[in-house]
Structures are given as C-alpha cells and as structure tokens.
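For reference, the structure is listed below as structure tokens.
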Amino acid sequence: MHEVAPELIGATLLVDGVGGVLVEVEAYDQEDPAAHGYRGRTPRNASMFGPAGQAYVYRSYGIHWCLNLACAEEGRAEAVLIRALEPTHGLETMRERRGLADPRLLCSGPGRLCQALGITREHDGLRLDGPPFELLRREREPELASAPRIGITRAADVEWRYVEKGSRFLSRAVPRA
DNA sequence: CACAGGATATACT
DNA sequence: GTATATCCTGTGA
C-alpha cells in the first residue's frame, strides 16, 4: 500500500470523462488508529476491506463525500484517500457542479474533489479501472514530497501524505517544502 | 480566524 | 437512548 500511494501521484483519474491528475493522497492501514477500518468492519467502511482496486466512498462530517482507493486484499483494511487533483478534463462540468470559476478550488480537498467529479455513494465499491472510472498511468515522473496527514488527531506524526511537490492544487501547502 | 452543519460509528448511562 | 468524535468546507467575523 505504501508502494501504490506514491505511484498514484501524477496518474490521471477520470469519472465520466471528468477529472485530472492526482497531486495529493494519504495512506491508511488497519493498524492505524486514524483509519476507519481500525475498529473493524462496518456497513459504512466495508469497501475499504478490499478487494484491491475498488473505490471506497464515505460520508464525512455528514456533508461531504470522500473518495478512497482500496488497496488491500479481502480481509484487510488498507486504502489511499484521494485528497486533491489538478483539473485537466471537463473543467466546464466541474465549474457547473461546484458553482465556482477558480480552478484551484475545484478539487483541492477530498470533499470538493468528489463534488466536482460527481462522486456519491453510488460509486462506492466500483472498480477504478472500469466505467464510469478511468485510471490512466502517469505520463511524467512528478517530484514527490511527503508530510503528516491532515485533519486527524490520532497517529498524526507519520508522514503518509504524498503530494506532488510545488503543485498549486493541494488542499494545503506542504510544510517546509 | 471561529464556527456551524449533520451522517455514521462507538462509548457511555 | 444519549453523548462524543470524526480522513471537511463554506461562511461570516
């Protein structure tokens, strides 16, 4: 899972032809107190337990959707949270869904990203390598940076947040980058 | 910068 | 059943 998380940076993710290049992800595993799968399987996080390659979509704070890529085989809870991407496809559609013109605010955060790409519970459990998803291998080798994860209080010291260094489309700037 | 908004899950009474 | 916590964002100060 710590191999696939950095691999995702720079890859292109599309949903119904709308999306862009991933610039920010965070890794979670079952021993991680901050992860949903830590206390066992529930109806909400069932998709996090694999099989690898499927989407895990969950509701955050009762308002926002967040998209994860499950990367564990059946029985384990490992996932990569898609936090931000650089919009390259379907800008008009995203602007319409978000009601904003500034491309930097379209996908700079997990909740915003899901709104811009139209991701809901309907997509929970779907594979990311099949319709309506498209996952394109990255064409360039981005410069990576790692940092502590965001918005959590448990295990906040591990640097499992991977970003493209210097990207203008991150949800937050990387400290000391 | 503080804070409301509110689904889902766990911990407590 | 009630209380508390959470992988967050928009709005108003």
Side-chain angles (χ1 to χ4, degrees), chain A residues 1-2 4-9 11 13 15 19-20 22-50 52-72 76-87 93-126 128 144-164 167-175:
Chain A
M1 180 264 295
H2 286 301
V4 328
E7 272 288 311
L8 286 172
I9 299 296
L13 176 68
V15 183
L22 302 182
V23 295
E24 181 175 2
V25 300
E26 283 177 5
Y28 290 86
D29 72 20
Q30 187 150 18
E31 277 69 50
D32 182 354
H36 287 163
Y38 180 62
R39 293 185 190 81
R41 189 173 187 146
T42 68
R44 175 176 67 147
N45 67 21
S47 299
M48 191 180 186
F49 285 74
Q54 73 176 9
Y56 163 42
V57 180
Y58 75 97
R59 180 88 90 165
S60 171
Y61 292 79
I63 300 177
H64 312 287
W65 294 107
C66 295
L67 173 66
N68 298 246
L69 168 64
C71 40
R76 288 194 54 79
E78 296 181 355
V80 176
L81 169 65
I82 311 298
R83 286 194 54 87
L85 58 75
E86 175 177 341
T93 306
M94 289 192 252
R95 269 198 278 270
E96 195 173 313
R97 285 173 178 154
R98 298 272 298 119
L100 289 171
D102 189 345
R104 292 176 51 167
L105 296 179
L106 287 178
C107 300
S108 58
R112 293 166 174 169
L113 184 151
C114 286
Q115 188 183 353
L117 271 60
I119 291 171
T120 68
R121 181 158 48 200
E122 304 289 305
H123 299 85
D124 187 42
L126 297 179
L128 286 185
L144 292 181
S146 61
R149 293 172 296 179
I150 291 175
I152 59 176
T153 57
R154 322 291 304 252
D157 51 333
V158 294
E159 298 199 342
W160 288 354
R161 176 184 180 222
Y162 299 96
V163 305
E164 177 177 353
S167 171
R168 310 184 340 266
F169 296 92
L170 306 178
S171 59
R172 280 162 175 74
V174 178

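Here is how names work: the chains are called A, B, and so on, in the same order as the sequence lines, proteins then strands, and each is numbered from 1. If you're wondering where the values come from, they're calculated on a predicted model, not measured in any experiment.
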Results of salt bridge (Lys or Arg N to Asp or Glu O under 4.0 Å) for A:Arg121 - residues two or more places apart only
none
Please give me every residue in residues 99-110 of chain A whose heavy atoms get under 4.0 Å of an atom in DNA chain C, ordered by residue number.
A:Gly109, A:Pro110
According to ring pair (Phe, Tyr, Trp, His ring centres under 6.0 Å), who are the partners of A:His123, at least two apart in sequence or on a separate chain?
A:Phe133
Give the rounded distance in Å between these two atoms: NE2 of A:His36 and C1' of B:dT10.
12 Å
Looking at A:Thr42, does any N or O in its side chain come under 4.0 Å of the phosphate oxygens OP1/OP2 on B:dT8?
no
Bracket notation of DNA chain C in which parentheses pair within the strand, [ ] cross earlier pairs, and | pairs with another strand (Watson-Crick or G-U, under 3.5 Å):
||||||.|||||.
Note: contacts of residues 112-122 of chain A with DNA chain C (heavy atom, under 4.0 Å) are A:Arg112
Any heavy-atom pair between the side chains of A:Tyr162 and A:Glu7 that's under 4.5 Å?
no
Using a heavy-atom cut-off of under 4.0 Å over every strand shown, decide if A:Ser171 touches base, sugar-phosphate, or nothing.
nothing
Holding to side-chain hydrogen bond (donor to acceptor under 3.5 Å, both in side chains), I want the full list of residues that pass it with A:Arg39, two or more places apart in sequence or in another chain.
none
Stacking between B:dT8 and A:Tyr58, yes or no? Criterion: centroid separation under 5.5 angstrom, plane angle under 30 degrees.
no
Counterpart residues, side-chain contact (heavy atoms from CB on, under 4.5 Å), relative to A:Ala34 (two or more places apart)
A:Tyr28, A:Asp32, A:Arg149, A:Ile152, A:Arg154
Taking CZ from A:Arg39 and C1' from B:dC12, how many angstroms apart are they, rounded to a whole number?
14 Å
Please report the distance, rounded to the nearest Å, between CZ in A:Arg59 and C1' in B:dG5.
12 Å
Would you compute the distance between atom CG of A:Leu128 and atom CG of A:Leu13 and round it to the nearest 0.5 angstrom?
6.0 Å
To the nearest 0.5 Å, what is the distance between CZ on A:Phe49 and OG1 on A:Thr42?
7.5 Å
Please check the phosphate of C:dC8 (OP1 and OP2 only) for any side-chain N or O of A:Arg83 closer than 4.0 Å.
yes
Can you list, in residue-number order, the parts of residues 60-71 of chain A that come under 4.0 Å of DNA chain B, counting heavy atoms only?
A:Tyr61, A:Gly62, A:Ile63, A:His64
Short side-chain N/O contact from A:Arg154 to OP1 or OP2 of C:dC7, under 4.0 Å:
no
With a non-hydrogen cut-off below 4.0 angstrom, is A:Arg98 in contact with a base, only sugar-phosphate, or nothing?
sugar-phosphate
How would you list, by chain and number, every residue that makes a salt bridge (Lys or Arg N to Asp or Glu O under 4.0 Å) with A:Glu96, sequence neighbours excluded?
none
Give the minimum heavy-atom separation between A:Met1 and A:Ala27, together with the two atoms involved.
SD-CB, 3.3 Å
Nearest-angstrom distance from the residue atom CG of A:Asp124 to C1' of B:dT8
13 Å
Rounded off to whole Å, could you give me the CG-to-P distance for the A:Leu81 and C:dT6 pair?
16 Å
Rounded to whole Å, how long is the line connecting atom CG of A:Asp157 with atom P of C:dC7?
15 Å
Between C:dC7 atom P and A:Gln30 atom CD, what is the distance in whole Å?
16 Å
Could you tell me if A:Ser171 and A:Glu24 have a donor-acceptor pair between their side chains, going purely by distance under 3.5 Å?
yes
Is there a donor-acceptor pair under 3.5 Å between the side chain of A:Gln54 and the backbone N or O of A:Ser47?
yes
Nearest whole Å is fine: how far is B:dA9 P from A:Met48 CE?
14 Å
Those residues at least two apart in sequence (or on a different chain) that pass side-chain contact (heavy atoms from CB on, under 4.5 Å) with A:Arg97 are A:Val18, A:Thr93
Under 3.5 Å, which donor-acceptor pairs do the side chains of residues 55-64 of chain A form with other protein atoms, sequence neighbours left out?
from: A:Tyr56; atom 1: OH; to: A:His36; atom 2: ND1; distance (Å): 2.8

Contacts of A:Arg172 that satisfy side-chain contact (heavy atoms from CB on, under 4.5 Å) - sequence neighbours left out
A:Arg83, A:Ile150, A:Arg161
